[in-house]
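Here's the structure we're looking at; comments come further down.
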Amino acid sequence: MARFNRTPDDSLAATDARVERSRIVRRGGRRFPILIEESVLGRQVGSKLTMTEQLGYLLQVATLPSVTLGIVPSRVAVMWPLETFTIFDTEQVGVELLTAAVTITTPSEVAQYLAAHDQFSAGAAHGSAALRLIARAVSELA
């Protein structure tokens with residue numbers, strides 16, 4: 001990505017940040033509702049081994065008490081595709097665009113992202129159904 005954007009390679013710092021986020025999720029005391037689209041389970045980034053490890057990690061994280069994983073099935077038309085966004089609370093949403101990261105704080109806009117999350121979540125597979133989708137993606141890598 002750094003090469004594409006012609007920016008410095010910050011992959012080591014990004015790795016450190018991911019490790020710290022992993023610690024926070026495992027620590028507990030907070031709730032992390034996570035939604036992903038089913039299509040990302042089959043989009044290969046890296047080798048088959050890398051994808052298998054990533055999907056295995058997703059299976060582990062999905063079983064943590066602090067995590068609620070929802071997978072929006074490819075065959076369910078919940079709404080149009082959206083950019084990647086992270087809801088921090090009822091006051092701030094982070095949106096990842098190709099060229100920038102945007103922080104949304106306008107209450108009406110934050111409310112729209114909360115509503116979008118709720119709509120996606122309503123059509124998503126949760127619990128054992130979500131775990132089955134991940135397991136199927138792993139088996140399709142073989």
Side-chain angles (χ1 to χ4, degrees), residues 1-138 140-141:
M1 189 67 150
R3 193 175 328 140
F4 177 80
N5 288 328
R6 295 181 180 95
T7 58
D9 182 359
D10 64 349
S11 56
L12 290 177
T15 300
D16 290 343
R18 284 186 188 97
V19 169
E20 180 56 25
R21 279 195 303 264
S22 176
R23 286 187 190 117
I24 291 169
V25 170
R26 291 175 187 282
R27 223 179 275 145
R30 295 183 180 161
R31 206 174 127 258
F32 298 92
I34 299 170
L35 283 174
I36 61 174
E37 295 178 39
E38 181 182 8
S39 61
V40 303
L41 300 176
R43 187 171 300 127
Q44 190 167 334
V45 178
S47 67
K48 285 185 178 187
L49 176 60
T50 298
M51 284 301 296
T52 301
E53 290 172 349
Q54 289 295 309
L55 292 169
Y57 179 73
L58 184 58
L59 282 168
Q60 289 175 3
V61 170
T63 63
L64 294 174
S66 60
V67 173
T68 302
L69 176 66
I71 300 176
V72 181
S74 299
R75 288 168 280 170
V76 174
V78 180
M79 64 188 319
W80 60 94
L82 294 176
E83 62 279 347
T84 298
F85 62 94
T86 303
I87 299 172
F88 296 99
D89 51 33
T90 59
E91 297 177 13
Q92 181 178 331
V93 175
V95 181
E96 295 178 31
L97 305 173
L98 177 62
T99 59
V102 178
T103 301
I104 308 290
T105 57
T106 303
S108 62
E109 293 179 9
V110 170
Q112 285 183 306
Y113 279 95
L114 289 166
H117 179 273
D118 289 347
Q119 189 166 347
F120 274 117
S121 186
H126 294 89
S128 60
L131 298 178
R132 282 193 301 275
L133 290 172
I134 300 168
R136 185 176 73 205
V138 170
E140 290 173 356
L141 284 170

remark   = Separation between CG (Leu41) and CG (Leu141), nearest 0.5 Å, reads 10.0 Å
query = Which pair of non-hydrogen atoms, one from Ala124 and one from Pro73, has the smallest distance, and what is that distance?
reply = CA-CD, 4.0 Å
request  = Would you please name every residue forming a side chain to side chain contact (heavy atoms under 4.5 Å, CB included) with Leu59, sequence neighbours left out?
outcome  = Leu131, Ile134
inquiry  = With a 3.5 Å distance limit and no angle check, can you tell me whether Glu38 reaches the backbone of Ser74 through a side-chain donor-acceptor pair?
reply    = yes
key: Atom pair CG (Asp118) and CG (Leu35), whose distance is rounded to the nearest 0.5 Å   = 9.0 Å
ask   = Does Gln92 offer a backbone N or O that forms a donor-acceptor pair with the side chain of Asp89 under 3.5 Å?
value = yes
key: Set of salt bridge (charged side-chain N to carboxylate O under 4.0 Å, His left out) partners for Arg132, sequence neighbours left out   = none
ask   = What's the spacing between Glu91 CD and Thr103 OG1 if we round to 0.5 Å?
value = 13.5 Å
query = Who passes side chain to side chain contact (heavy atoms under 4.5 Å, CB included) against Val40, sequence neighbours left out?
reply = Ile36, Arg43
request  = Please round to the nearest 0.5 Å and tell me the distance separating atom NZ of Lys48 and atom OG1 of Thr52.
outcome  = 8.5 Å
Exercise: identify the closest heavy-atom pair between Tyr113 and Glu83 = OH-OE2, 2.6 Å
remark   = Value for OG (Ser121) from CG (Leu114), rounded to nearest 0.5 Å, stands at 12.0 Å
query = How many angstroms lie between CG in Leu58 and CD1 in Ile34, if you round to the nearest 0.5 Å?
reply = 8.0 Å
key: Side-chain heavy-atom pair Val102, Leu97 within 4.5 angstrom cut-off   = yes
message = Is there a side chain to side chain contact (heavy atoms under 4.5 Å, CB included) between Glu109 and Val93? Walk through the geometry before answering.
response = CA-CA 9 Å; Glu109 293 179 9; Val93 175; over 6 Å; no
request  = Using the test side chain to side chain contact (heavy atoms under 4.5 Å, CB included), find all partners of Glu140 that sit at least two apart in sequence or belong to another chain.
outcome  = Arg136
note = Sequence neighbours excluded, the answer for ring pair (Phe, Tyr, Trp, His ring centres under 6.0 Å) partners of Phe88 is none
inquiry  = Is any side-chain heavy atom of Leu64 closer than 4.5 Å to one of Phe32?
reply    = no
ask   = Where is the tightest heavy-atom contact between Ala125 and Ala130, given as atom of each residue plus distance?
value = O-CB, 3.4 Å
ask   = With sequence neighbours excluded, what pairs up with Ser47 under the side-chain hydrogen bond (donor to acceptor under 3.5 Å, both in side chains) test?
value = Thr50
